Amino acid sequence: MRDRRTRSIEPQTEPQAAVAPMADVVVTPMGPSVPTHEELEARVLEAFRHDPVLEARAIDIGAVGAGTIELTGWVESTAEIAHALTLARGVPDVTAVVDHLAVHGPGSIQSHRTAQYETPRGR
């Protein structure tokens with residue numbers, strides 16, 4: 001005859017992993033990153049390099065504040081100034097463009113009025 005012994009059946013559980021205390025964990029919110037002045041300048045410069053008209057113009061691009069770009073230099077017409085301002089305002093994270101561009105025509109130099117053009121909010 002066989003010996004019948006009863007065994008208690010316990011639910012099987014998986015081994016527990018050791019959990020480290022979270023005393024030194026710092027959680028920071030993930031918000032939109034703000035580009036540095038150099039990154040913003042590089043973005044505008046890249047846009048100008050891909051433009052067939054503006055790539056040939058002597059235009060200096062500088063970030064002068066958070067989201068603010070300053071354009072200084074020479075173009076051939078006021079239409080090119082308007083085009084440069086529109087292109088710069090269209091670059092992501094550019095919120096304002098300061099215009100110090102001048103028209104360089106044959107035999108004369110015209111200074112375009114200095115103005116700051118802000119990008120409409122809600123983009």
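Since the structure is predicted, the reported quantities are computational estimates derived from the model, not experimental observations.
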Considering non-hydrogen atoms only, spot the tightest contact between [X] and [Y] and give its length.
X     : Y      : value
Leu87 : Ala47  : CD2-O, 3.7 Å
Ser77 : Val103 : C-CG2, 3.7 Å
Leu40 : Pro92  : CD1-O, 3.9 Å
Ala66 : His37  : N-CE1, 4.0 Å

Euclidean distance, Glu70 CD relative to Leu101 CG, rounded to 0.5 Å:
9.5 Å
In this structure, CD1 of Ile69 is separated from CG of Leu45 (nearest 0.5 Å) by 10.0 Å
Under a 3.5 Å threshold, yes or no: a donor from one side chain and an acceptor from the other, between Glu76 and His104?
no
Would you mind listing every salt bridge (charged side-chain N to carboxylate O under 4.0 Å, His left out) that reaches into residues 34-54, with sequence neighbours excluded?
Arg43-Asp93
With distance as the sole test, does Thr86 use its side chain to make a donor-acceptor pair with the main-chain N or O of Ala82 at under 3.5 Å?
yes
Side-chain (Thr95) to main-chain (Gly67) donor-acceptor, under 3.5 angstrom:
yes
Using a 3.5 Å cut-off and no angle test, enumerate the donor-acceptor pairs between side-chain atoms of residues 53-61 and protein atoms at least two apart in sequence or in another chain.
{"unit_1": "Arg57", "atom_1": "NE", "unit_2": "Glu80", "atom_2": "OE1", "d": "2.7"}
{"unit_1": "Arg57", "atom_1": "NE", "unit_2": "Glu80", "atom_2": "OE2", "d": "3.4"}
{"unit_1": "Arg57", "atom_1": "NH2", "unit_2": "Glu80", "atom_2": "OE2", "d": "2.8"}

Considering only heavy atoms from C-beta outward, does the side chain of Leu85 approach that of Leu71 to under 4.5 Å?
yes
